Amino acid sequence: MDGSETAINIMVGTIRAGTPLVFAGLGELIAEKAGVLNLGVEGMMLVGAVTGFAVTVLTGNPYLGAVAAIGAGMLMSLIFGGLTQFLLTNQVATGLALTIFGVGLSAFVGLSYIGTPIQGLQPVAIPLLSQIPIVGPLLFNHDLLIYVSFALFAVVSWFMFKTRAGLILRAVGESHDAAHAIGYSVVKIRLLAIVFGGGMAGLAGGYLSLVYTPQWAENMTAGRGWIALALVVFATWRPARVLIGAYLFGGITILSLHVQAAGDAVTNAMSVFPEPIGRWLLVIINSSHLLATLPYLATVVVLALISRDATKIRLNAPASLGRPFHPGA
Amino acid sequence: MTKLKSWRSLVAGLAVVAVAIAAGFGPARAADPLKVAFVYVSPIGDAGWTFQHDLARKAIEAKFGDKIKTSYVESVGEGPDAERVIRQLAADGNQLIFTTSFGYMNPTIKVAKQFPNVTFAHATGYKRSDNVSTYLARFYEGRYLAGIIAGKMTKSNTLGYVAAFPIPEVVRGINAFARGVRSVNPDAEVRVVWVSSWYDPGKEREAADTLIANGADVLMQHTDSTAVVQAAQDRKVYAIGYHSDMKKYGPKAHLTASTHNWNQFYIDKVQAVMDGTAKSDDTWGGIGAGMVELSPLGDMVPADVRKLVETASADIGSGKLHPFAGPVVDNKGKTRVPAGENISDGDLLGMQYYVEGVVGDLPK
């Protein structure tokens, strides 16, 4: 296999590995921008994954499965929304409970689906564009959900910064009292944001069970919901940075696998680096434990560097994040 | 007065009845079924480590019928929760308790001290006491056989291995596989990718895809999910499952699976407890003891390869062939076991090097 093919393989793998984080991260970003901290992402993802899988098994149509995954995530988030927005429960506790509930519920529902084979979503090559060398396989030869994730990023960025509705959403997240005072329904807007976040978390789960590894296995998200949550914070609530973080995380995960599979070739390649950098790199490569921490470490370092301006962090962070709001109070 | 008297006689009567019942039930207890309990680390599911132990639980039920009563608790976390579960099972009158994960070692020892009349058996651990035995299977023997198949089936002479953590148990499996491969195909090499997780279907899948992209056409795994077999099926290469038969996840890819079978060991243990002959010991059985076996080979495996595997399997079972018979040379050229000797169990348990045929450095 030649170098360019390897490079494309790595980059395509990066996009695949990053996509669930893009969905879940952008969904949670909208919820947090409205001032709601929903720690139930992992649970919503799992329920989305099992529902998407079950519907695909029952109907034979993975696209219906993806829609069902969104629906399941939304229903899960409505439980959270109802509790936190109307009964004013603590958001942190409720979110944690939602995750625990989701882990158990998905395991229970999925019991009869373990080991059922399905035909997952297949790549859809875009005519002509997919023929372009390098860019073609990189951007235009994916399954539908990856195109959806590209579109989602564009829509979320546009919505947040270019539309009136986005401004209102951010206002609610900054100061719910002020937004309420000028006549916006804080609870309604937050519910919508929660439901959007839930739907995207569900879709992230659906991506795992329908595309990434087309199967249902208990707890198959393996912590990706938590990573998405952390990404939103490290990305200081900016969609572009969530995207960068997600692909960075996915990319380094994939890269570390390739480095191991390539074996000696990589060890020899390290000699082009000046000492002691080459030696340090070798130490990392020769330790599967260090290699496994690299995606986390690199993502945190890069995002921390991009957003190191403390004032801007304060400006980006929704001031009312996690605080309960009662219209009558 | 009469009222009080009648009360007294009633109480006396009840006492007599109670003593009679107790006396009556005393000897009857011996005929009560032996209560046997299992502690599982994960859900039973339909493939995997716990699934194999539960198959064996069903096997002892089939064997002993109403002479025993089995129960199990699944998805018990390794830690304080395990101690609570094990203590509860002992307090509930179970006379034999199997704790089937490494992390149950200390809780098992601790609870066993408080219940000296209960027999415990702990899988994969190394701590024993008067009423705690340990048991483990020589999984590497199965992997050696799998290596023979892989070495014969590969066309690219590159074999991929998706591994969890660089501990001796896993390293031993990789080396046994490589030795099996090299015994039939001296040109083939094994590439290892560590995923730093026992169970992460997404990452296992990516690791498998990566190995395939690097030229591997037979995949082996030491992780728990079925993602590797599935990746092989999608990319039209071969794979060898682990723990359980994973054929249905990739019918065209699945050459065989290296599985473990606890049936006979559990049957013997139950029998020993029934006979009152159970003692604290350590079992490390392989193909010979029936604890390790390959699942039925796929149709794509030709007859001559089947024959090779059968012969090797019989020879390992009889002790004629040891997967680590000297000379064992590591992949840096150093001789680890001289010719004419077999590796010792101690060296096997502490194995921290790659043998010839494995590419790269063992992570530290």
Side-chain angles (χ1 to χ4, degrees), chain A residues 1 5-6 8-10 12-14 16-17 20 104 107-108 110-117 119-120 207-209 212-224 250 253-267 282-293 295, chain B residues 42-48 51 75 158 160-166 170 189-216 224-231 233-234 244 246 248-251 331 358-364:
Chain A
M1 187 171 59
E5 205 183 320
T6 312
I8 289 173
N9 260 328
I10 291 175
V12 169
T14 298
R16 283 163 49 92
F108 178 69
L111 217 52
S112 53
Y113 292 101
I114 300 174
T116 313
Q119 182 72 13
Y207 186 81
L208 291 173
S209 67
Y212 204 54
T213 42
Q215 62 168 331
W216 165 251
E218 225 182 293
N219 223 350
M220 67 185 299
T221 48
R224 287 180 179 78
T253 309
I254 300 297
L255 199 62
S256 67
L257 298 176
H258 272 271
V259 162
Q260 296 184 55
D264 291 342
V266 174
T267 313
L282 270 184
V283 167
I284 295 173
I285 288 169
N286 284 334
S287 160
S288 61
H289 300 295
L290 282 179
L291 217 48
T293 62
Chain B
S42 58
I44 294 167
D46 73 344
F51 180 73
S75 296
T158 304
Y161 205 112
V162 179
F165 294 100
V170 180
E189 55 181 28
V190 179
R191 285 174 188 268
V192 185
V193 168
W194 300 94
V195 290
S196 295
S197 172
W198 290 113
Y199 179 81
D200 181 342
K203 209 166 171 197
E204 290 169 48
R205 169 78 191 221
E206 288 294 352
D209 284 347
T210 305
L211 285 162
I212 296 167
N214 277 278
D224 291 349
S225 91
T226 53
V228 175
V229 173
Q230 214 174 28
Q233 169 87 0
D234 288 353
S244 308
M246 296 183 173
K248 68 176 173 189
Y249 299 91
N331 72 348
V358 185
V359 177
D361 293 312
L362 178 63
K364 284 161 201 89

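Residue numbering restarts at 1 for every chain, and letters A, B, ... go by the order of the sequence lines. These numbers were taken from a predicted model, which means no experiment stands behind them.
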Would you compute the distance between atom OG of S196(B) and atom CG of L290(A) and round it to the nearest 0.5 angstrom? 9.5 Å

Between atom OG of S75(B) and atom CD of E218(A), what is the distance when rounded to the nearest 0.5 Å? 5.5 Å

OG1 of T226(B) to CD of Q215(A): how many Å apart, nearest 0.5 Å? 3.5 Å

Below 4.5 Å, heavy-atom pairs only: which of P43(B), P201(B), P363(B), G250(B) has the largest tally toward chain A? P363(B)

Residue part contacting chain A, namely of A227(B), when any heavy atom lies under 4.5 Å: both

Just so I know, are the side chains of E206(B) and I254(A) near enough to count as touching, which here means a heavy-atom distance under 4.5 Å? yes

State, with a plain yes or no, whether a side-chain heavy atom of V195(B) is found less than 4.5 Å away from one of L257(A). yes

Does any N or O in the side chain of Y249(B) come within less than 3.5 Å of the main-chain N or O of T116(A), such that one atom is a donor and the other an acceptor? no

Considering only heavy atoms, which portion of Q230(B) lies under 4.5 Å from any heavy atom of chain A: side chain, backbone, both, or neither? side chain

With a 4.5 angstrom heavy-atom cut-off, which part of F165(B) approaches chain A: side chain, backbone, both or neither? side chain

For the student: nearest non-hydrogen atoms of K203(B) and A292(A), plus distance: NZ-CB, 4.5 Å

So among L211(B), D209(B), T210(B), which one has a side-chain contact (heavy atoms from CB on, under 4.5 Å) with H258(A)? T210(B)

Contact origin within L208(A) toward chain B - heavy atom pairs under 4.5 Å: neither

Side chain proximity check, R224(A) to D200(B), heavy atoms < 4.5 angstrom: yes

Which region of I44(B), side chain (C-beta onward) or backbone (N, CA, C, O), has a non-hydrogen atom less than 4.5 Å from a non-hydrogen atom of chain A, or is it both or neither? neither

Against chain B, label P214(A) side chain, backbone, both or neither, depending on which of its atoms sit under 4.5 Å from a heavy atom there. both

For V192(B), is it the side chain, the backbone, both or neither that has a heavy atom under 4.5 Å from a heavy atom of chain A? backbone

Are any non-hydrogen side-chain atoms of R205(B) and Y212(A) less than 4.5 angstrom apart? no

